[in-house]
Amino acid sequence: MIRIIVTLSLLACFPALTHAADIMGAGSSAASPLYKKWAEAYKEKTSMTLDYQPVGSSAGLKQIKARTVDFGASDVAQTAAELKKENLIQFPSAISGVVPVINLPGVRAGDLKLSGEVLSRIFERKITRWNDPDIVSLNQGLALPGKDIEVIVRSDGSGTTYNFTNYLSKLSAEWQKTYGNNFTIQWHKELKQVKGSSGIVAEVKKTPYSISYVDYNYVVQDKLDFAKLKNKDGKFIMPSAESFAAALNASDWKKSGNFEETLTDKAGPKSWPIAMGTFVILQKSAVNLDKTSATLKFFTWSFINGDHLVGAVDFVRLPDAIQARVFKEMTTVTDSAGKPLNWTVQ
């Protein structure tokens with residue numbers, strides 16, 4: 001109901017553009033399947049095309065700040081101070097999660113149990129073998145091989161890395177002190193570094209006894225094996241739309257609209273420990289009015305008509321109350337003179 005009311009108000013306030021303009025976006029590799037799925041459906045309705053480059057969250061932020069794309073995409077929210085400094089707006093588009101993925105012969109998806117503390121020590125190279133006592137103690141009855149753990153990580157600036165290390169920093173003071181939380185990390189020299197989510201998928205698949213981290217949609221689409229994670233309530237949880245939504249519901253997103261809050265390590269028996277939002281970033285003062293209006297129209301149409309497509313690529317749609325805040329944020333985009341843009345859906 002909230003979305004219908006907001007949509008009708010937008011349709012009443014803004015006249016439609018007379019033509020569609022192609023748009024360009026860049027950033028999050030995690031969000032790429034979602035934006036491309038939305039773009040395919042939108043093109044059938046409007047003939048507008050989207051050129052989206054999954055170059056990683058860090059690069060996407062740089063490109064929107066440099067005004068070389070019509071929107072940037074990041075799996076990490078910018079702070080209010082950063083948005084004000086760069087004259088940007090942001091809004092979430094969907095919810096997902098980061099998942100520890102494994103290639104462990106003889107162990108099926110979801111059989112292995114890990115905690116944040118153990119996971120941090122694996123990526124620090126303090127735990128180096130699969131039959132380490134700390135792993136065995138979490139997995140009574142599971143046959144674990146006495147093989148070296150091959151750890152694979154992202155080399156490029158990644159929102160997935162940011163959320164993964166944000167979680168590890170909350171669970172391990174030693175991790176926070178040594179490695180911290182960022183888009184890029186000075187990884188231990190023995191870790192294998194690859195670029196992009198697709199690079200992680202390919203490397204894990206071909207490397208027996210390996211572990212890495214990747215966004216949930218890649219886990220499902222590429223049929224990767226994964227570990228359960230112990231959450232804040234002490235429950236071992238499977239990654240799923242339900243567990244990501246549980247983490248969102250335990251946050252202040254709905255109550256305060258504070259999208260800067262990360263969704264990692266949230267309370268609740270069903271919450272996935274490394275849930276995350278993915279975000280769209282726009283210039284608040286449009287340079288190319290047609291391109292910016294077309295971008296706003298694209299995302300408005302996608303929120304109104306594309307809910308079923310969100311689940312199709314293994315993301316979680318935003319609740320109605322949050323979508324209402326998103327629509328309101330979109331209306332703050334202006335031309336260089338401060339006048340609201342004329343845009344609406346088709």
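Quick note: numbers below take in every heavy atom, side chains included, and nothing from hydrogens, waters or symmetry partners. Because the structure is predicted, anything quoted here is derived from the model rather than measured.
Judged by distance alone, the side chain of Thr128 and the main-chain N or O of Arg125 form no donor-acceptor pair under 3.5 Å. A donor-acceptor pair under 3.5 Å is formed between the side chain of Asp132 and the backbone N or O of Asp134. The main-chain N or O of Leu144 is never found under 3.5 Å from a side-chain atom of Asn131 such that the two would form a donor-acceptor pair. Here the side chain of Ser29 pairs no donor or acceptor atom with the backbone of Pro54 at under 3.5 angstrom. Judged purely by atom type and a 3.5 angstrom limit, Asn139 has no side-chain atom pairing as donor or acceptor with the backbone of Leu142. In this structure, the side chain of Thr278 does not engage the main chain of Ala73 through any donor-acceptor pair within 3.5 Å. Using a distance-only test at 3.5 Å, with no hydrogens or angles considered, no donor-acceptor pair links the side chain of Ser57 to the main chain of Ser158. No donor-acceptor pair closer than 3.5 Å links the side chain of Asp156 to the backbone N or O of Lys195. At distances below 3.5 Å, at least one donor-acceptor pair connects side-chain atoms of Lys291 with backbone N or O atoms of Asp22. Of the possible donor and acceptor atoms, one in the side chain of Glu260 sits under 3.5 Å from a partner among the backbone N and O of Ala80.
When ring centroids are compared, Tyr218 and Phe226 stay outside the 6.0 Å threshold. If you look at Tyr179 and Trp175, their ring centroids are closer than 6.0 Å.
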Is there a side chain to side chain donor-acceptor pair (under 3.5 Å) between Ser96 and Asp215? Walk through the geometry before answering. CA-CA 7 Å; Ser96 184; Asp215 310 285; 5.4 Å; no
Walk me through it: do Lys205 and Leu224 pass the test side-chain contact (heavy atoms from CB on, under 4.5 Å)? CA-CA 8 Å; Lys205 281 188 169 184; Leu224 300 176; 3.9 Å; yes
After noting the C-alpha distance and the side-chain angles of Ser210 and Asn103, does the key distance pass the side chain to side chain donor-acceptor pair (under 3.5 Å) rule? CA-CA 5 Å; Ser210 62; Asn103 181 343; 4.7 Å; no
Does the salt bridge (Lys or Arg N to Asp or Glu O under 4.0 Å) test come out yes or no for Lys65 and Glu82, once each step is laid out? CA-CA 11 Å; Lys65 289 175 182 179; Glu82 289 168 331; 5.9 Å; no
List the steps, then state whether side chain to side chain donor-acceptor pair (under 3.5 Å) holds for Ser28 with Asp75. CA-CA 6 Å; Ser28 166; Asp75 299 324; 2.9 Å; yes
Quick one: do Ile23 and Phe299 satisfy side-chain contact (heavy atoms from CB on, under 4.5 Å)? Show the steps, please. CA-CA 11 Å; Ile23 60 176; Phe299 282 108; 5.6 Å; no
Evaluate side chain to side chain donor-acceptor pair (under 3.5 Å) for Tyr213 paired with Thr161, printing each intermediate quantity in order. CA-CA 8 Å; Tyr213 58 93; Thr161 297; 2.6 Å; yes
Show your reasoning for whether side-chain contact (heavy atoms from CB on, under 4.5 Å) applies to Val280 and Val326. CA-CA 10 Å; Val280 175; Val326 168; over 6 Å; no
Let's go through Leu309 and Glu40 carefully: what are the C-alpha distance in whole Å and the side-chain angles of both, what is the deciding distance for side-chain contact (heavy atoms from CB on, under 4.5 Å) to 0.1 Å, and is it a yes or a no? CA-CA 10 Å; Leu309 299 175; Glu40 289 170 4; over 6 Å; no
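Contact of the Pro145 side chain with the Arg129 side chain is not registered, since no non-hydrogen atoms from C-beta on lie closer than 4.5 Å. Between Ile185 and Val153, every side-chain heavy-atom pair lies at or beyond the 4.5 Å cut-off. Between Gln221 and Val201, every side-chain heavy-atom pair lies at or beyond the 4.5 Å cut-off. At least one side-chain heavy atom of Leu282 sits less than 4.5 Å from a side-chain heavy atom of Thr295. Looking at Val219 and Asp314, their side chains never come closer than 4.5 Å, going by heavy atoms from C-beta outward. For the pair Asp225/Val107, no side-chain contact is recorded, criterion being any heavy-atom separation below 4.5 Å from C-beta on. Tyr52 has its side chain within reach of Ser32: a pair of non-hydrogen atoms, C-beta onward, lies under 4.5 Å apart. Two residues are said to be in side-chain contact when any heavy atoms from C-beta on lie closer than 4.5 Å; Asp148 and Tyr209 fail this criterion.
Note that CD1 of Ile64 and CG of Asp70 are 7.0 Å apart. Values are rounded to the nearest 0.5 Å. Taking OG of Ser243 as the reference point, atom NZ of Lys235 lies at 15.0 Å (rounded to 0.5 Å). Here the CG atom belonging to Leu191 is positioned 10.5 Å from the CD atom belonging to Glu124, to the nearest 0.5 angstrom. Distance check, rounded to the nearest 0.5 Å: CD of Gln193 to CD1 of Ile152 gives 11.5 Å. Of the inter-residue distances, the one linking Leu168 atom CG with Glu174 atom CD reads 12.5 Å to the nearest 0.5 angstrom. Atom OH of residue Tyr167 and atom NZ of residue Lys170 lie 10.5 Å apart, to the nearest 0.5 angstrom.
Glu261 CD: more than 12 foreign heavy atoms inside a 6.0 Å radius. Remark: Lys43 NZ is loosely packed, at most 12 non-hydrogen atoms of other residues, nucleotides or ligands lying under 6.0 Å away. Remark: Lys230 NZ is loosely packed, at most 12 non-hydrogen atoms of other residues, nucleotides or ligands lying under 6.0 Å away.
Salt-bridge formation is not detected for the pair Lys192/Glu150: no Lys NZ or Arg NE/NH1/NH2 atom is positioned less than 4.0 Å from an Asp or Glu carboxylate oxygen.
With sequence neighbours excluded, the residues forming a ring-ring contact (aromatic ring centres under 6.0 Å, His included) with Phe123 are Phe164, listed by chain and number.
Listed here is the closest heavy atom pair of Ala30 and Thr160: CB-OG1, 4.3 Å. The shortest non-hydrogen separation linking Pro273 to Leu229 is CG-CB, 3.8 Å. Contact detail for Ser271 and Asn231: the closest heavy-atom pair is O-ND2, 3.1 Å. Shortest non-hydrogen contact noted between Leu34 and Ala94 is CD2-CB, 3.7 Å. Contact record, Pro33 with Asn217: CG-ND2, 3.2 Å, taken as the closest heavy-atom pair. Contact between Ser169 and Asn181 at its shortest, heavy atoms only, is OG-CB, 3.8 Å.
Under the 4.5 Å side-chain heavy-atom criterion for Ile, Leu, Val, Met, Phe, Trp and Tyr, Val55 and Val69 are members of distinct hydrophobic clusters. Both Ile237 and Ile211 sit in one connected hydrophobic cluster of ILVMFWY residues. Membership requires side-chain heavy atoms under 4.5 Å apart, directly or through other members. Following chains of ILVMFWY side-chain contacts shorter than 4.5 Å, one cannot reach Met24 starting from Leu50, and the two form parts of different hydrophobic clusters. One hydrophobic cluster, built from ILVMFWY side chains closer than 4.5 Å, holds both Val136 and Ile102.
A donor-acceptor pair shorter than 3.5 Å can be found between the side chains of Ser197 and Arg154.
Ring planes of Trp301 and Tyr42: tilted class, angle from 30 to 60°. In this pair, Phe259 and Phe279 present their aromatic rings tilted. The plane angle is within the 30 to 60° band.
Residues in residues 180-205 take part in these ring-ring contact (aromatic ring centres under 6.0 Å, His included) pairs, two or more places apart or across chains: Tyr162-Phe183.
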